[in-house]
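This chain uses plain numbering: 1 for the first residue, then up along the sequence.
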Amino acid sequence: MNGSTDGSAGRPPLRNNFQETLLGLEYTPRPEGADLFSRACVEQYREYRPDRFGYVFAQVFEPNTLTEVALLEGVSPEAAADLTHRPTASMTALAEHVEGRADLPVVTQVNLAAALISVSRFDAAHLVLADAEARARTPEEIFETAMLDFVVANRRDDGTSSPPAFARMRQAVETGQLVPHRTLDACAQAIVWYLKRRELPEADYHWFLNTGLELVRDYPDMPSGGVSSWYRALAMLPAAEGDAAATRRYMENAREAAAETYARSPRAYELHLLKTYYESSVKEHMYVTHDLDRAVEAGRALIALDPVWSPSYGELGEVMAKFGRPEAAARLYEKAVSFGAPYYGHHLLQAARMREKAAQAEQALGHYEALARLAPDSAPLLEDGLRLARSVGHGSGAYFEDALARLRERPSPAALGESGR
């Protein structure tokens with residue numbers, strides 16, 4: 001083998017609706033339709049009432065997702081994060097509200113913070129919430145500011161600031177003045193993030209768990225959207241013990257509640273609940289039942305619900321990788337790459353690894369070159385490409401050698417600091 005690969009499968013895609021939404025809270029309609037996240041995110045921003053609590057977001061992305069989208073767009077990630085990049089009227093309005101946050105009532109500050117969180121502007125949301133928290137007086141204000149404090153902590157500092165947020169939520173709940181479905185939302189979050197990362201003390205976790213169990217028993221007519229999220233959270237308990245039957249019972253409860261929610265209100269946000277059910281089902285059959293056919297079935301249902309959403313193809317690619325089918329996994333990751341962000345770089349890296357695992361070095365090296373062009377300062381990527389090229393005698397090894405040499409010739413930040421003294 002010799003010569004360079006062209007890396008065509010890894011060329012940065014044209015801007016998609018997700019990219020537009022995360023940067024501007026607006027998107028351009030396309031013939032293929034928009035992804036569910038973008039639809040739900042923009043729909044909520046356009047329809048919310050500033051004077052009422054209840055701003056919802058379908059999904060919350062990590063800060064790195066905004067960074068990736070900004071780089072694909074050719075925009076400074078810092079300018080995107082701090083709202084100096086304002087490509088649309090919606091983003092301009094959002095930034096101006098942040099600047100004038102001190103004059104807003106608490107409920108409007110909470111809604112503003114929620115809108116910022118929905119597009120991964122966590123530092124700006126933190127500023128707004130600091131003002132809102134200082135002025136919060138009613139149990140509802142205390143609860144809603146604490147819930148968003150938790151969301152920001154969960155994404156911005158890996159949850160290290162979550163325990164006091166959960167403590168304030170509990171304090172508000174114990175007044176008995178909150179509507180049951182909001183309490184259930186907190187209970188579901190407490191279960192998920194205690195089991196994943198221990199983001200609250202064990203005593204608080206047990207309190208939220210028992211409170212949630214009491215709520216679904218005592219309020220059978222509670223809005224079903226929160227009930228679906230509750231049962232998906234609850235399913236994590238038997239799943240952790242390997243109890244497939246109990247996990248499936250809770251998951252079926254989650255599916256029924258999500259379907260009922262969408263039947264009552266057929267919007268993008270409500271459909272996203274069903275999508276989240278299928279995402280959880282994929283993991284259920286990968287790690288609890290270890291059933292390839294059922295995992296594939298859930299993955300295909302996920303794609304059918306949101307066919308232009310790259311992570312859905314990545315989820316199914318993960319299934320194939322888990323069950324030892326690297327070539328099928330690579331094709332799915334490449335399909336994910338073709339749809340663009342979110343997780344463009346991750347999907348491209350997984351495609352490279354799966355092609356390498358399937359002994360398809362030519363395709364793998366094409367992906368490694370594409371990744372190296374996207375992240376030229378990543379020594380591990382360049383080293384992986386060089387290792388593979390050398391192992392098969394491929395001429396692209398010269399590309400990786402040259403890139404690594406240029407990287408190593410650059411002065412380190414420490415050296416630059418010394419030279420300026």
Side-chain angles (χ1 to χ4, degrees), residues 17-18 20-22 25-27 29-30 32-61 90 107-108 110-119 140 143-144 147-148 151 178-189 191-192 212 215-235 250-282 298 301-309 311-312:
N17 285 149
F18 174 80
E20 291 178 313
T21 298
L22 211 64
L25 251 178
E26 298 176 12
Y27 63 83
R30 289 174 167 79
E32 65 272 20
D35 62 89
L36 279 179
F37 169 83
S38 296
R39 287 162 54 194
C41 188
V42 172
E43 197 173 80
Q44 175 62 182
Y45 181 70
R46 289 174 176 170
E47 296 178 358
Y48 87 98
R49 288 276 303 272
D51 59 342
R52 292 183 182 178
F53 290 110
Y55 198 112
V56 294
F57 27 76
Q59 193 168 350
V60 180
F61 288 92
S90 296
V107 60
T108 306
V110 167
N111 285 320
L112 173 58
L116 291 163
I117 289 168
S118 76
V119 287
E140 187 175 29
F143 177 89
E144 297 296 347
M147 174 65 90
L148 294 186
V151 176
L178 295 183
V179 291
H181 72 270
R182 286 302 284 147
T183 299
L184 191 65
D185 290 341
C187 294
Q189 294 295 337
I191 291 176
V192 170
L215 285 171
V216 294
R217 180 195 67 203
D218 296 342
Y219 295 92
D221 297 327
M222 201 179 326
S224 50
V227 173
S228 179
S229 299
W230 164 254
Y231 278 117
R232 279 191 292 103
L234 202 58
Y250 288 138
M251 287 295 293
E252 189 58 26
N253 288 343
R255 186 197 64 78
E256 290 174 357
E260 179 183 336
T261 301
Y262 184 65
R264 289 179 176 177
S265 180
R267 303 183 310 164
Y269 173 77
E270 284 74 16
L271 188 56
H272 208 281
L273 291 169
L274 268 175
K275 178 181 161 184
T276 309
Y277 159 79
Y278 284 117
E279 288 171 343
S280 297
S281 293
V282 168
L302 185 59
I303 289 170
L305 273 181
D306 205 0
V308 297
W309 185 239
S312 296

Using side-chain contact (heavy atoms from CB on, under 4.5 Å) as the criterion, list what pairs up with [X], not counting sequence neighbours.
{"X": "Pro180", "value": "Leu215, Tyr219, Met222"}
{"X": "Ser90", "value": "Leu25, Glu26, Tyr45, Thr88"}
{"X": "Ala58", "value": "Ala40, Tyr269, His272"}
{"X": "Glu252", "value": "Arg248, Arg255, Glu256, Tyr277"}

Quick check: closest heavy atoms across [X] and [Y], and the distance to 0.1 Å?
{"X": "Ser281", "Y": "Ala298", "answer": "CB-CB, 3.9 Å"}
{"X": "Gln44", "Y": "Val56", "answer": "OE1-N, 3.0 Å"}
{"X": "Val308", "Y": "Gly33", "answer": "CG2-O, 3.7 Å"}
{"X": "Leu184", "Y": "Gly226", "answer": "CD2-O, 3.8 Å"}
{"X": "Val119", "Y": "Thr21", "answer": "CG1-O, 3.6 Å"}
{"X": "Ala115", "Y": "Ser118", "answer": "O-OG, 2.6 Å"}

Problem set entry | Derivation and outcome, side chain to side chain contact (heavy atoms under 4.5 Å, CB included), residues Leu36 and Trp309 | CA-CA 8 Å; Leu36 279 179; Trp309 185 239; over 6 Å; no
Partner set under salt bridge (charged side-chain N to carboxylate O under 4.0 Å, His left out) for [X], not counting sequence neighbours:
{"X": "Glu270", "answer": "Arg267"}
{"X": "Glu260", "answer": "Arg264"}
{"X": "Asp218", "answer": "none"}

Measure the shortest side-chain to side-chain distance between [X] and [Y] over non-hydrogen atoms and say whether it is less than 4.5 angstrom.
{"X": "Glu279", "Y": "Thr276", "result": "yes"}
{"X": "Leu273", "Y": "Tyr262", "result": "no"}
{"X": "Val110", "Y": "Tyr55", "result": "no"}

Exercise. Is the Phe18 to Tyr27 ring centre distance short of 6.0 Å?
Worked result: no
Exercise. Counting only heavy atoms not in Arg217, do more than 12 sit closer than 6.0 Å to its CZ atom?
Worked result: yes
Cut-off 3.5 Å, no hydrogens considered: what does the side-chain donor-acceptor table look like for residues 227-235, sequence neighbours left out?
| residue | atom | partner | partner atom | Å |
| --- | --- | --- | --- | --- |
| Ser228 | OG | Ala254 | O | 2.9 |
| Ser229 | OG | Arg232 | NH2 | 3.3 |

Exercise. Of all residues at least two apart in sequence or in a different chain, which pass the ring pair (Phe, Tyr, Trp, His ring centres under 6.0 Å) check with Phe143?
Worked result: none
Seminar exercise, completed: Rounded to the nearest 0.5 angstrom, the NZ-CG distance for Lys275 and Asp306 is 4.0 Å
Exercise. Between CD1 of Ile117 and CG of Leu148, what distance do you get to the nearest 0.5 Å?
Worked result: 4.5 Å
Please name all residues satisfying side-chain hydrogen bond (donor to acceptor under 3.5 Å, both in side chains) with [X], sequence neighbours left out, ordered by chain then number.
{"X": "Asp35", "value": "Ser38"}
{"X": "Asn253", "value": "none"}
{"X": "Ser312", "value": "none"}

Exercise. Are any of the side-chain nitrogens in Glu140 or Arg182 under 4.0 Å away from the carboxylate oxygens of its partner?
Worked result: no
Problem set entry | Check: Val107 main-chain N/O paired with Asn111 side-chain donor or acceptor under 3.5 Å | yes
